[in-house]
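Order of the sequence lines fixes the chain letters, A, B, ..., with proteins taken first and strands second; residue numbering starts at 1 for each chain.
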Amino acid sequence: MINKIVPSAAAAVADIHDGATVMIGGFGTAGMPSELIDALIDRGARELTIVNNNAGNGDIGLAALLKARRVRKIVCSFPRQTDSHVFDALYRAGEIELELVPQGNLAERIRAAGAGIGAFFTPTGFGTLLADGKETRVIDGRNFVLEFPIHADFALIKALRGDRWGNLVYRKTARNFGPIMAAAAKCAIAQVREIVNLGDLDPEAVVTPGIYIQRVIEIPLATRVAAAPGAAA
Amino acid sequence: MINKIVPSAAAAVADIHDGATVMIGGFGTAGMPSELIDALIDRGARELTIVNNNAGNGDIGLAALLKARRVRKIVCSFPRQTDSHVFDALYRAGEIELELVPQGNLAERIRAAGAGIGAFFTPTGFGTLLADGKETRVIDGRNFVLEFPIHADFALIKALRGDRWGNLVYRKTARNFGPIMAAAAKCAIAQVREIVNLGDLDPEAVVTPGIYIQRVIEIPLATRVAAAPGAAA
Amino acid sequence: MNRFSREQMAARVARDIPNAAYVNLGIGLPTMVANHLPKDREVILHTENGLLGMGPAPAPGEADPDLINAGKQPVTALPGASYFHHADSFAMMRGGHLDCCVLGAFQVSVAGDLANWHTGGKDAIPAVGGAMDLAIGARSVYVMMEHQTKSGESKIVADCTYPVTGLACVNRIYTDLAVIDVTPVGLVAIDIVPGLSFAELARLTGVPLRDGTTVADAA
Amino acid sequence: MNRFSREQMAARVARDIPNAAYVNLGIGLPTMVANHLPKDREVILHTENGLLGMGPAPAPGEADPDLINAGKQPVTALPGASYFHHADSFAMMRGGHLDCCVLGAFQVSVAGDLANWHTGGKDAIPAVGGAMDLAIGARSVYVMMEHQTKSGESKIVADCTYPVTGLACVNRIYTDLAVIDVTPVGLVAIDIVPGLSFAELARLTGVPLRDGTTVADAA
């Protein structure tokens, strides 16, 4: 029998090693797998390369991982936000490397890794600082830049529901990078609000087929909210 | 108000011109938009370039379009089938041009057209006859072939349900090429079994967002079956 | 000097967006355009974080943290909306399927080059988001910005001094002083704030500018 | 000469597919493997026309023309199945996510080159389908074929004389005479039909072949 369900967030991230490339889903906090990130902080892996759209918000989730000095490099499109003070301080101190990628190229490079594409010509970024030194080509009279896939060792993503095969459905705009990161990583770990029985997800509406997911951990919606006062007590 | 619903298959294809490139959905007969193809035959456009996975089955649908000598060239992955006698005869007589494309490259080239990708490196076909004369490159020690997008003037596809914005859901493996062809064509025309009210389709389960669809025509399942005896009478 | 207000600018942009258009409104000033779309038009809004058919801000207390726009503000979804992942969303943009996007800018050049992502300052932390994809992806790129910097320099320039977002991508510029088309023959003012002469506008703009207002009247 | 039957070949392939594997079974002989998968293993079948979690053929009268496999035969979908479009399906294959595919072949070379799509004959109409994607996409590519042509020539060759489907892509060959691994040091027979000596197999194969059966016994 196939059973990708793991008993705890700690178990889910137990083999994330120093120096790993880890994709983390989410657009801001929508779709951010906070409990998996917390488990990764507890796990203690260092010198990580993180791929995310942003570079952390406030002091929780990805920001907490940065604050704990576990991240050597971040690949993202939009680090600077009103509440990205953790990243901002590390960056200004020269203590974190930044690879800035236009958001669509970031998404397409992640997609290319999962789809077995070796490289692709994109019009985005042509003639800008972010294409400096990159190969370009004119195709049908239009300018393109050659971009390469971004692969990862692990992906941490958040979905709404999953089953023991790893099939996933998401919730609203929290879907964002989850499906493509799952496919781009050797080991994709999904936290879901609810684990359902095999066959409960409509096969027409499954967004991430289970083939892309190696581990599923159930984190009910109430857990985090309920845990906060307890942790403070 | 936006209303992409057209009253008849004839109206839906009324501007398909001689020499147009027309993508036709379907894998064999699953997902083949037979009524739209029949309307295209009635329309009379000639010298068409057709993009489809196959080259027609039996004497209906795409095979009938070929039989009516409307097709100058076909781009497909699998023309030869047990019931592809119409294509076989035209091909052997040198009366139709064939561009044979590995199925995954066909799908990815169609996807690239809709996604604004200028070209991409694929491992599929490297070292084979079907990559003869094409640019190749070694990336990370692996061999790739450069492939270019396939754009179309029109796409004819079949879906299960649609709404007045053009949102579509499909049925089982009849989904196949529909979503990517819709995005690759300047004008995508969908025949659906049922038109539903705006808002009836679950936004989490819409497969083709309406932005890719220009026209929707309702062809209930019963029509074709019921029409056959009538036509014979 | 008389100036178009931000609301007037937003209303002017909204007037130029036709029924049935698919539109992406950038972060900041462009977001205001949504409030001015004529009620008799159905315009479908795209947000690059994976939603087509975006609705207005939710009623107080009804914000859903999983339903946000590209500026990470809570929004709603209209009947007919659809969700999709980031690669699909940017394929939609890059593939030329959006009729129009409206963006803020630091500078626009006479050739339509856009600078709106980075001041290039040494201590500035760069962030690009989806700006470069929007700049090259939409069929029409409209820019909304003040005509001049706070120190009175024209933001419409011969060549961008800020790092560019995209080359030759802007089609029309809406400022607090005028509406200016970027055309193959150069910049053409098609609308000027009441009380400002074309000659004065041209002087303030500081780059070659044609008067398209009289032509428009004659047409 | 004793030969493995087609059923025996299919059973032998099925034995080598582990629990939890994602597998694509090609058209023809490979399709039979599905009937021999051990009941205590859960193996998930992919069909390139857009289905993961494919089930067996439907009961008589229950065929659904919208639910077919790559050979266009009616199939079913198991609980846990999912449907996707063609670009997503081939991304799954090309991206190396399938553990294994099983394909028929005209020829396999000592380097693991595969020829299975075209005889190259002047009057043959070429058709490739998903063969080239499967050949390069799956982590392990298993070939099932008769060891010899009808005229007695080995289908395992120094170099393919038929047009190739993919280069250096085959990992293991299942024939009616043997099971042969394609390894960096050359072909290694790991199983031989009872009654056939390795020397005789090597002679019939006609290309350099190592005996891996005794090594396996010793291990």
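Only the side chain of A:Y91 comes within less than 4.5 Å of a heavy atom of chain C; its backbone N, CA, C and O stay farther away. If you measure heavy-atom distances from C:P126 to chain A, the contacts under 4.5 Å come from both the backbone and the side chain. For a residue to count as touching a neighbouring chain, one of its non-hydrogen atoms must lie under 4.5 Å from one of that chain's; by this rule A:R142 touches chain C with the side chain only. Looking at A:V101, the atoms closer than 4.5 Å to chain C (heavy atoms on both sides) all sit in the backbone: N, CA, C or O. Contacts between A:R111 and chain C at a heavy-atom distance below 4.5 Å involve the side chain alone, from C-beta outward. Only the backbone of C:T165 comes within contact range of chain A, with at least one heavy atom under 4.5 Å from a heavy atom of that chain. With a 4.5 Å cut-off on non-hydrogen atoms, C:D64 touches chain A through its side chain but not through its backbone.
Heavy-atom neighbours of A:R137 CZ from other residues, nucleotides or ligands within 6.0 Å: above the threshold of 12. Around atom CD of A:E204, more than 12 heavy atoms belonging to other residues, nucleotides or ligands sit under 6.0 Å away. The 12-atom threshold is not exceeded at CG of A:D140, counting heavy atoms of other residues, nucleotides or ligands nearer than 6.0 Å. Heavy atoms of other residues, nucleotides or ligands lying less than 6.0 angstrom from CZ of C:R12 number more than 12.
The CD1 atom of C:I68 sits 12.5 Å away from atom NZ of A:K172, with the distance rounded to the nearest 0.5 Å. If you take OG1 on A:T124 and CE on C:M132, they are separated by 9.0 Å, rounding to the nearest 0.5 Å. Put simply, CG on C:L51 and OG1 on A:T173 are 7.0 Å apart, with the number rounded to the nearest 0.5 Å. C:D66 contributes atom CG, which lies 13.0 Å from atom OH of A:Y170 (distance to the nearest 0.5 angstrom). To the nearest 0.5 angstrom, A:N143 atom CG is 11.0 Å from C:I136 atom CD1. Residue A:L98 holds its CG atom at 8.5 Å from CD1 of C:I125, rounded to the nearest 0.5 Å.
Within the 4.5 Å cutoff, the side chain of A:F126 has no heavy atoms near those of the C:V164 side chain. Side-chain contact between C:F90 and A:E108: absent, with no pair of heavy atoms (C-beta onward) separated by less than 4.5 Å. Between A:L100 and C:V128 the shortest side-chain heavy-atom distance falls below 4.5 Å. Taking the side chain as every heavy atom from C-beta outward, A:F27 and C:K72 approach each other to under 4.5 Å. Annotation: side chain of C:P163 is not in contact with side chain of A:T128 (no heavy-atom distance under 4.5 Å). Looking at heavy atoms from C-beta onward, C:H86 lies out of side-chain contact with A:R175 at the 4.5 angstrom threshold.
By number of non-hydrogen pairs under 4.5 angstrom with chain A, the leading residue of C:G50, C:A135, C:A87, C:G137 is C:A87. Most heavy-atom pairs under 4.5 Å with chain A: of the set C:G166, C:A70, C:A91, C:P65, this distinction falls to C:A70. Among the candidates A:C76, A:G125, A:P123, A:A131, the residue making the largest number of heavy-atom pairs closer than 4.5 Å to chain C is A:P123. Options A:L130, A:N53, A:T29, A:N54 differ in how many heavy-atom pairs under 4.5 Å they form with chain C, and the most are formed by A:L130.
By the 4.0 Å N-to-carboxylate-O rule, C:D123 lies too far from A:R80 to be salt-bridged with it.
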Test side-chain contact (heavy atoms from CB on, under 4.5 Å) applied to C:W117 and A:L129, step by step
CA-CA 11 Å; C:W117 73 280; A:L129 282 180; 4.1 Å; yes
